[in-house]
Amino acid sequence: MQGKSKSERHHWWPECVSRHWMDSEGITHWIRPDGTITPAPPDNFGVIGNGHFIKLGETPGEKTVWDQNFEPAFDQADSNFPAVISWLQSLTREDRYDAKMLNERFLTADASDKQIACLVECIVSLAVRSPMNREASVSLAESLRGRLQKQERNAIMKLNMKDSQQQAVSLIGTRGKFAVLYSPDSEFIFGDGFFHNIKSPVYQSLRPKILVPITPEISVVYARPMAYQTEPRLSTLTLTPTETTALNETVQIYSKNALFYRSQKPTLGEAFQRGVHLEYSGTQNSVEQLITALPGMEEERRRRDQAQRGIFF
């Protein structure tokens, strides 16, 4: 895939998404692990110079015939995002706070294959481009060889990333379970990492799952477990402020250097203050509980309950 070879501003947090995180004065807030806050227009955030331009020369500035720019891999996602966000904002939802069980609070929503495909393209692009995935793309090489020189490190990272968007989108297709999460009374935060297992390079054996904030009011959760009912494919869920806080804590765990918020400053947790991309181990966490509660996941809930009780048949 060839693109422009000149210096470019490549966004891992596309402007068509980050603009939804502006406050009334047009400002988004970046908070670091030490608590330092940088307020600025959102288009100043989530930028990496030539972040998707693979340079295979041995020295900085050296050009080769194998250099390539895979920024066009994200063009379709960036084109789709405005319509996808408008669609998510328009879906019907109910608070259903009086329900006794979480799985009783979901509301089924209609969606065409085209709408789901556009949604998949968008959420996958946020995972593939994220700094968390960039680090994962070179982690194996560094675990074997130690810290690499910048030029080689960047080349390996981008080579592992370059086909991940297409591979992950093809892997997911329009299959699996999707839910749109609404937070009317408390804001979501975004970060340079969030819950997902779409790691570069993408392998076909992956059972993909992701929870990604889209706007301060909307997040999307997706999963394709071993066993599930195909319908309903899409549902909506309105969260309480406590539930939103729990999902924001997940963003803090998976983020390393940056959290972004619109107007409600988060209380920093110990995990984010460590300045490392961490992740959950096992299934005892708020996101896995949310995924298991999705409509049509009765078989997965049964399997999970049996595993916890030591029943393996």
Side-chain angles (χ1 to χ4, degrees), residues 1-21 28 41-56 66-88 114-138 154-174 178 190-203 206 208-215 218-220 222 254-255 258 260 277:
M1 178 184 300
Q2 296 296 326
K4 297 178 182 178
S5 59
K6 67 179 182 180
S7 179
E8 295 180 343
R9 284 164 52 94
H10 293 166
H11 284 78
W12 54 264
W13 195 25
E15 293 179 66
C16 54
V17 178
S18 64
R19 66 180 179 84
H20 289 272
W21 299 74
T28 300
D43 59 357
N44 289 351
F45 299 136
V47 180
I48 300 177
N50 287 325
H52 306 134
F53 185 20
I54 302 171
K55 299 181 179 182
L56 297 177
W66 299 283
D67 294 347
Q68 56 183 297
N69 181 0
F70 63 97
E71 174 68 8
F74 307 109
D75 286 350
Q76 186 170 343
D78 291 346
S79 295
N80 288 339
F81 255 123
V84 166
I85 291 175
S86 294
W87 171 56
L88 297 179
K114 181 177 180 181
Q115 288 171 319
I116 292 293
C118 289
L119 177 61
V120 169
E121 188 87 35
C122 289
I123 63 176
V124 165
S125 77
L126 293 177
V128 169
R129 285 184 276 192
S130 71
M132 184 181 84
N133 183 53
R134 301 178 77 88
E135 293 293 321
S137 300
V138 74
N154 284 337
I156 292 174
M157 175 191 298
K158 296 170 189 177
L159 284 167
N160 281 331
M161 287 177 59
K162 75 181 184 72
D163 295 323
S164 294
Q165 176 71 13
Q166 178 182 357
Q167 290 172 351
V169 168
S170 297
L171 171 67
I172 293 173
T174 58
F178 300 82
F190 190 67
D192 61 4
F194 52 87
F195 180 95
H196 70 83
N197 63 354
I198 301 173
K199 304 290 182 66
S200 299
V202 176
Y203 296 104
L206 182 68
K209 50 189 173 182
I210 182 172
L211 170 68
V212 56
I214 305 295
T215 76
I218 299 173
S219 288
V220 173
Y222 166 78
Y254 282 74
S255 294
F260 301 101
H277 289 299

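For the single chain, residues carry numbers from 1 onward in sequence order. Excluded from the calculations below are hydrogen atoms, water molecules and symmetry mates; all remaining heavy atoms, backbone and side chain alike, are included.
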Exercise for review: Just jot down the side chain to side chain contact (heavy atoms under 4.5 Å, CB included) partners of Asn197, sequence neighbours excluded, or say none.
Suggested key: Leu206, Pro208, Lys209
**Study point:** Check: Pro42 and Val17 side chains under 4.5 Å, non-hydrogen atoms
**Key:** no
Revision key, fill the gap. With sequence neighbours left out, the residues meeting ring-ring contact (aromatic ring centres under 6.0 Å, His included) with Phe194 are Phe190, His196
Point to revise | Residues in side chain to side chain contact (heavy atoms under 4.5 Å, CB included) contact with Thr174, at least two apart in sequence or another chain | key: Asp113, Ile116, Ala117, Arg233
Review point. Quick one: salt bridge (charged side-chain N to carboxylate O under 4.0 Å, His left out) pairs with a partner in residues 165-174, sequence neighbours left out?
Key: none
Point to revise | Whether Ser130 side chain and Asp192 backbone form a donor-acceptor pair below 3.5 Å | key: no
Point to revise | Beyond-backbone contact of Phe74 with Val128, side-chain heavy atoms, under 4.5 angstrom | key: yes
Practice item. Could you pull out all residues at least two apart from Pro82 that satisfy side chain to side chain contact (heavy atoms under 4.5 Å, CB included)? Key: Cys16
Check your understanding: Mind checking what makes side-chain hydrogen bond (donor to acceptor under 3.5 Å, both in side chains) contact with Ser164, not counting sequence neighbours?
Key -> Ser200
**Study point:** Pair Trp13 + Phe260: ring centers closer than 6.0 Å
**Key:** yes
Point to revise | With sequence neighbours excluded, residues passing ring-ring contact (aromatic ring centres under 6.0 Å, His included) with Phe195 | key: Tyr254
Study note, to complete from the structure: Residues Val124 and Ala168: closest non-hydrogen pair is CG1-CB, 3.7 Å
Check your understanding: Which one of Thr28, Ile218, Thr215, Ile214 satisfies the side chain to side chain contact (heavy atoms under 4.5 Å, CB included) criterion with His20?
Key -> Thr215
Review point. Would you say Trp12's side chain and Ala127's backbone share a donor-acceptor pair under 3.5 angstrom?
Key: no
**Study point:** ring-ring contact (aromatic ring centres under 6.0 Å, His included) against Phe81, all qualifying residues, sequence neighbours excluded
**Key:** none
Exercise for review: Just jot down the side chain to side chain contact (heavy atoms under 4.5 Å, CB included) partners of Gln115, sequence neighbours excluded, or say none.
Suggested key: Trp87, Ala111, Ser112
Revision key, fill the gap. For Ser219, the side-chain hydrogen bond (donor to acceptor under 3.5 Å, both in side chains) test, sequence neighbours excluded, returns none
Practice item. Output all residues satisfying side-chain hydrogen bond (donor to acceptor under 3.5 Å, both in side chains) with Asp78, sequence neighbours left out; order by chain, then residue number. Key: Arg129
Revision key, fill the gap. side-chain hydrogen bond (donor to acceptor under 3.5 Å, both in side chains) filter on Ser18, not counting sequence neighbours, yields none
